[in-house]
Amino acid sequence: MSKGNRARIIKILVRRELKSTLYGIGFYAVITFALLISSLVLRNYIQTIKTDSLFISSNPLNYPLYLSILIGSIYLALISTISISKEREDRTLQTLFFGPVDDLSYLIGKYLQQMLSFIIILVFFSLYFLLSSYLINFVFSVGLIKLVLLSIFLGSCIISFGLFLSTLTKQVKTSIIIFISVMFFFLGLQLINSVLIGVEPGNVKGVILYLRNVVEVLNKGISWISPFSYLSRGLEAVKIGTYVAYGKSLLSAIIYTLVFLLLATWNFKSKGVRK
Amino acid sequence: MNNLNLNVEKGEIYGFLGPNGAGKTTTIMMLLGIVKPTAGYVTLFGKSLKDDYFGIKTKIGVASEQKNLYEEMTAQEYLYFFADLYDVENKTERVKEIFDDLNLYDRKDERLLGYSKGMKQKIEVARALLHDPDILILDEPASGLDPYGIKEIRHVILQHNKKGKTVFISSHMLSEIDKICHRVGVIHHGVLVAEDTMENIKKRFSDSVELEIELDRFLTKGDELINRLLSYDFITEVSGDDNKITIKTDTDDDYRTQISRIITTNGDIIIGFNKKELSLEDAFVTITEKNISMFTKEGDSNEQR
């Protein structure tokens, strides 16, 4: 297919999907939920100031924003995970492929649509935090802007990972089960790791020592696969504040996206478009 | 599929027939590049999909039996979306024209979710016709339609064919195939077992020709005329009722003149003569049954049917 035709088809696919997302209630429900959680955190900060008259933080809005982005990302990861399997299950995917849509234009279209949705979510979040900063007099720092910009790339990791998961299955139900299992595995491993690290050094021996080492190695490995680890590392990079840390985080997010998009394309081609 | 070679001529309406599970839909999916053949290749317009994916796909229109629609969209939004994908010029006029042809214009702003099965089928056909394709591929186009709907779809198919476009129809509705197709191919167990013009197929695969003759008198019990007719080798069956005789002959020749002579020799007068048209259904059953007997051991055929 010529580049011009493919670009035109991608544009049409993105427009339809984006319209469908923006007309859906789920998109706004997630934004509202994320901002509600952030508001609760901000309220706690204000309570602390009221009771203790003291609150020390160079970027007080960073953590609430991180929480909002995390919630928005989980929503996008889920949507990405079911997006292809749903179209396959409904057989609308097959109908698209009756026409001039091919593997690449379809996957790029899906990715771009999810990215645009994420950027729109980020615009909502940014406006909210800008308004909050004005109302409660918390600084809207450069770090916050950096976090917003970096999260675009981290969102890209989450979307490409979700699309990859979606290409693995032919049913929505299976996609959701895979998504939940993967999330539990990633988060569970992180939790076990933090518990084992917290055990006093004197008590670490025998089986616990072995287990701690295994979990630590696994956790390190998973941190390169889990897209949410990239989000945490991004937040760390913003905290550190150096351009090197920021650049590393950005570059790793781009590589991650490319790898998972390639894997998704390969998997999609081998699985085919039929139910 | 097993060594399937289909040759569909430009500008014809080709009926693709076969029992359930014969491989009709798989063949269509292979044509469209959705199912990859384990061996061999598919060319459309003399090219493979790899060579000119967009060019070939925009020359084909496909309507599937399964109504795979974006049901959250209105009918008009749906057709506009596909018109954009196929890069249809003057999409507003074209979509209106198709809505008019299929009697759907009044319901264009309704969501597809609320459409009946038959209306969804019409939208499938409308989508396939949007870009005025050179080859129109229809998989069970009359599925879920009422007689009015069937008539409308038949009309749009014939109109499309009149423009010199090729139509490829896979269907179980043999009466519809009989009405509109120029040639048919019959597939069974993934093998093409027959391919010819409609007339030849019927001739080749019908066991007998049925003639209905009306006399100027009533037949009696054990009528001499019936016995006389049965004495000829080419007549396989004779039955009489009131003043009508039904005669079955073999299909080797046209025996109407000979039969007229036999009847009138002894003074009987023929007041009506009707040659019953051979049905595609009979031919189809014969073809597929013969095929089953080719693949099964003797005595197994009934279980296989």
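Keep in mind the model is a prediction, meaning the values are calculated, not measured. Residue numbers start from 1 in every chain, and the chains themselves are labelled A, B, ... in the order their sequence lines are given, proteins ahead of strands.
Listed here is the closest heavy atom pair of B/Y78 and B/Y70: CE1-N, 3.6 Å. Minimum heavy-atom separation, A/L107 to A/T167: CD2-CG2, 4.5 Å. Contact record, A/L154 with A/A253: CD2-CB, 4.1 Å, taken as the closest heavy-atom pair. Across all non-hydrogen atoms, the minimal contact from A/C157 to A/T257 is N-OG1, 3.6 Å.
Neither the backbone nor the side chain of B/L49 comes within less than 4.5 Å of any heavy atom in chain A. Residue B/E71 does not touch chain A at all, counting heavy-atom pairs closer than 4.5 Å. The part of A/K19 that comes within reach of chain B is its side chain, from C-beta onward, which places non-hydrogen atoms under 4.5 angstrom from that chain. Only the side chain of A/E87 comes within less than 4.5 Å of a heavy atom of chain B; its backbone N, CA, C and O stay farther away. B/D87 touches chain A through backbone and side chain together, each having a heavy atom under 4.5 Å away.
Residues B/E124 and B/S64 have side chains that never bring a donor and an acceptor to within less than 3.5 angstrom of each other.
Taking 4.0 Å as the cut-off between side-chain N and carboxylate O, B/D84 and A/R16 do not count as a salt-bridged pair.
In this view, B/P133 and B/H131, B/L136, B/H160 satisfy the side-chain contact (heavy atoms from CB on, under 4.5 Å) rule, not counting sequence neighbours. Scanning for salt bridge (Lys or Arg N to Asp or Glu O under 4.0 Å) contacts around A/K173 gives an empty result, with sequence neighbours left out. Shown here are the salt bridge (Lys or Arg N to Asp or Glu O under 4.0 Å) partners of B/D139, two or more places apart in sequence or in another chain: there are none.
Chain A forms the most heavy-atom pairs under 4.5 Å with one residue out of B/I34, B/L32, B/V35, B/I28, and that residue is B/I34. Chosen from A/L96, A/L93, A/D90, A/V273, the residue pairing most often with chain B at heavy-atom distances under 4.5 Å is A/L96. Most heavy-atom pairs under 4.5 Å with chain A, from the set B/E77, B/R127, B/K57, B/M73: that is B/K57.
Cation-pi check for B/R183 over B/Y14 is not met; the charged atom does not lie both under 6.0 angstrom from the ring centroid and within 45 degrees of its normal.
Among residues 90-101 of chain B, no residue has any heavy atom closer than 4.5 Å to a heavy atom of chain A.
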